[in-house]
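Heads up: the structure comes next, in C-alpha cells.
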Amino acid sequence: MYYMETKKRKRIALPLVCIVIAIIIWIIWGNVTIGTTHYNISSDRIPFSFDGYKIVQVSDLHNAVFGKDNDILLKKIHSEQPDVILLTGDLIDSNHTDVSAALEFTDAASKIAPCYYVTGNHEAWIPRTDYESMERKLLEQGIIVLHNSSVDIVREGDSISLFGVDDPSFAGAESSIQSSIVIRKLLEDVDRTENYSILLSHRPEAFDYYATSGFDLVFCGHAHGGQFRLPLIGGIVAPNQGFFPKYDAGTYNENNMTMIVSRGLGNSIIPVRINNRPEIVAVTLHHE
C-alpha cells in the first residue's frame, strides 16, 4: 500500500515539477530576450517622400545590457534598418546608475541612424552635475537632445517636425497630476509648425493633453508595460498610474492623434517582468 501511494505521488509530482521548470524558463526568457513590435502609421499629412520612413523607438533601458556591450539590442535595432532612432528617456537607472554603459549604447546606436533623445525621470533623479556631464557626452556623440524644442527632418525637399519635452521631474513634479500640468505648460510653449508633427515625451499619463495639442504622433515610455501583464487585462501597475494603468503599452488614438507607448527594455524598482517581454518599437510611416 505504501509503495502504491509513493508511486502515485511521484506520478503527480513529476508533471508539477516540469510545469514549474517550464514557467521559470519562460519568465527568464521573457526578461533576457527582446521583441520588436511593429506599427504602421498612415496619414494624408505625411509627405510623399516620407512614405516608408522607418522609426525605431528605444525606451526605458535603465542600464540593462543585452549581450556583450548590448550587441543583441544593437543588432535588433540594425535589423530594422531605421531612418531614425528615438530615445524616449530613462537610459540610466538612478538606483544603480551606470552612465558609461548607457553612453556605450548610444554611441553605437548613433552609428546606425540619427538619434533623438528626451529625458526621463531617472535622468532627473541623479545629481544634476552627473546628468549634465552625461548630456555633454551625448552631444559629442552626435545625439540630438530635445529640450522643449523642435527640429525639422528634411527628405527630398519635404519635412516633418520632431518635438521633444523634458521630463517633468526636472521641474520637481512627481505626481501624475503635477507632471501632466507641467507637460501641458511645456507643450503650450513649444513653437509649432504646419508639418506632420511627432512628439517625444517620456510620460504617457498626459495623454489628454497630447490629444488636444495638435500633434499627429506621440512616442512615450515610462509605464514598463505594467510590469506584470495579464491576458485580456494588460498591465498590473505602472509609475504615476498605479494599479491597472490606462496607458501601459500599445497605441491610443484621439482627435487624429496616435500615442505609442513602449513597454521598454529594462526594469527599476521591480526587477522582474512577467508576460511582458522587453521590446523595441518599429514604426513605418505611410502617405495615405
Side-chain angles (χ1 to χ4, degrees), residues 34-43 46 50 52-62 64 66 70 72-92 102 105-106 108-123 138 143-146 150-151 153 160-167 196-207 210 215-226 235 238-239 247-253 257-267 273 276-286:
I34 305 169
T36 304
T37 304
H38 294 89
Y39 300 104
N40 290 287
I41 300 294
S42 300
S43 171
I46 296 172
F50 282 85
Y53 193 79
K54 176 67 75 71
I55 299 169
V56 164
Q57 178 194 13
V58 175
S59 194
D60 297 271
L61 187 59
H62 284 281
F66 296 88
N70 256 321
I72 294 175
L73 173 56
L74 290 162
K75 287 176 182 176
K76 199 81 169 176
I77 296 170
H78 188 271
S79 69
E80 292 298 324
Q81 298 184 310
D83 293 291
V84 66
I85 299 170
L86 307 181
L87 308 170
T88 49
D90 285 358
L91 281 172
I92 52 94
F105 164 73
T106 54
S110 69
K111 294 175 173 59
I112 298 174
C115 295
Y116 297 82
Y117 164 73
V118 293
T119 56
N121 53 296
H122 278 260
E123 280 84 5
L138 287 172
I143 309 297
I144 298 170
V145 181
L146 295 172
S150 66
V151 295
I153 300 176
I160 61 176
S161 295
L162 192 62
F163 296 78
V165 291
D166 285 331
D167 189 84
Y196 183 84
S197 298
I198 299 174
L199 173 67
L200 279 62
S201 180
H202 187 60
R203 310 269 188 139
E205 63 265 23
F207 174 81
Y210 302 146
F215 288 99
D216 298 286
L217 181 60
V218 181
F219 287 89
C220 300
H222 191 51
H224 294 199
Y247 309 111
D248 58 350
T251 60
Y252 304 87
N253 300 280
M257 182 276 296
T258 297
M259 179 176 75
I260 295 175
V261 182
S262 170
R263 297 196 307 272
L265 290 154
N267 301 312
R273 294 168 174 241
N276 180 23
R277 192 180 179 199
E279 73 168 354
I280 63 170
V281 168
V283 174
T284 304
L285 302 182
H286 299 282

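Since the model is a prediction, treat every value here as computed from it, not as a measurement.
Tyr53 is listed as a side-chain neighbour of Val84, based on a closest heavy-atom distance under 4.5 Å. In this structure, the side chains of Pro278 and Phe66 come closer than 4.5 Å at one or more pairs of heavy atoms. Put simply, the side chain of Asn70 reaches to within 4.5 Å of the side chain of Leu61, judged on heavy atoms. Using a 4.5 Å heavy-atom threshold, the side chains of Arg203 and Asp167 count as touching. Annotation: side chain of Leu162 is not in contact with side chain of Ile144 (no heavy-atom distance under 4.5 Å). Counting only heavy atoms from C-beta outward, the side chains of Tyr247 and Cys220 never approach each other to under 4.5 Å. Here the side chains of Phe207 and Val261 are not in contact, with every heavy-atom distance at 4.5 Å or above. Glu80 is listed as a side-chain neighbour of Lys54, based on a closest heavy-atom distance under 4.5 Å.
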side-chain hydrogen bond (donor to acceptor under 3.5 Å, both in side chains) between Gln57 and Ser262, intermediate numbers included: CA-CA 8 Å; Gln57 178 194 13; Ser262 170; 4.5 Å; no
Pair Thr251-Tyr39, side-chain hydrogen bond (donor to acceptor under 3.5 Å, both in side chains): steps then yes or no: CA-CA 9 Å; Thr251 60; Tyr39 300 104; 5.9 Å; no
Leu285 vs Leu217, side-chain contact (heavy atoms from CB on, under 4.5 Å): CA-CA, chis, key distance, verdict: CA-CA 10 Å; Leu285 302 182; Leu217 181 60; 4.1 Å; yes
Evaluation steps, side-chain contact (heavy atoms from CB on, under 4.5 Å), between Thr106 and Tyr117: CA-CA 10 Å; Thr106 54; Tyr117 164 73; over 6 Å; no
Stepwise side-chain contact (heavy atoms from CB on, under 4.5 Å) test for Phe105 and Leu74: CA-CA 8 Å; Phe105 164 73; Leu74 290 162; 3.7 Å; yes
Full working for side-chain contact (heavy atoms from CB on, under 4.5 Å) between Leu86 and Val283: CA-CA 11 Å; Leu86 307 181; Val283 174; over 6 Å; no
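Glu279 contributes atom CD, which lies 8.0 Å from atom CG of Leu265 (distance to the nearest 0.5 angstrom). Between the CD1 atom in Ile280 and the OG atom in Ser59 there is a gap of 12.0 Å [rounded to 0.5 Å]. The OH atom of Tyr116 sits 11.0 Å away from the CD1 atom of Ile85 when rounded to the nearest 0.5 Å. Annotation: the span from His222 atom NE2 to Ser201 atom OG amounts to 10.0 Å, rounded to 0.5 Å. For the atom pair Ile55 CD1 and Ile260 CD1, the distance stands at 7.5 Å (nearest 0.5 Å). Here Leu91 contributes atom CG and His62 contributes atom NE2; the two are 9.5 Å apart, rounded to the nearest 0.5 Å.
Closest of all the heavy-atom pairs between Pro204 and Ala223 is CG-CB, 4.4 Å. When every heavy atom of Phe163 is checked against every heavy atom of Ser161, the shortest pair comes out as CE1-CB, 3.5 Å. Closest approach of Gly52 to Asp83, counting heavy atoms only: O-OD2, 4.2 Å. Closest approach of Cys115 and Leu87 over heavy atoms only: CB-CD1, 4.2 Å.
Here the side chain of His202 pairs a donor or acceptor atom with the backbone of Thr88 at under 3.5 angstrom. Remark: the backbone N or O of Ala238 is not paired with any side-chain donor or acceptor of Asp248 at under 3.5 angstrom. Side-chain atoms of Lys76 never come within 3.5 Å of backbone atoms of Thr36 as a donor-acceptor pair (strictly under, hydrogens ignored). A donor-acceptor contact shorter than 3.5 Å is absent between the side chain of Asp60 and the backbone of Gly266. Asp90 contributes a side-chain N or O that, together with a main-chain N or O of Asn121, makes up a donor-acceptor pair within less than 3.5 Å. Although no hydrogens or angles enter the test, the distance criterion places no donor-acceptor pair under 3.5 Å between the side chain of Arg263 and the main chain of His224. Side chain of Glu123 to main chain of Gly120: a donor-acceptor pair is present (N/O by atom type, distance under 3.5 Å, no hydrogens or angles).
For Phe50 and Tyr196, the ring centers are positioned 6.0 Å apart or more.
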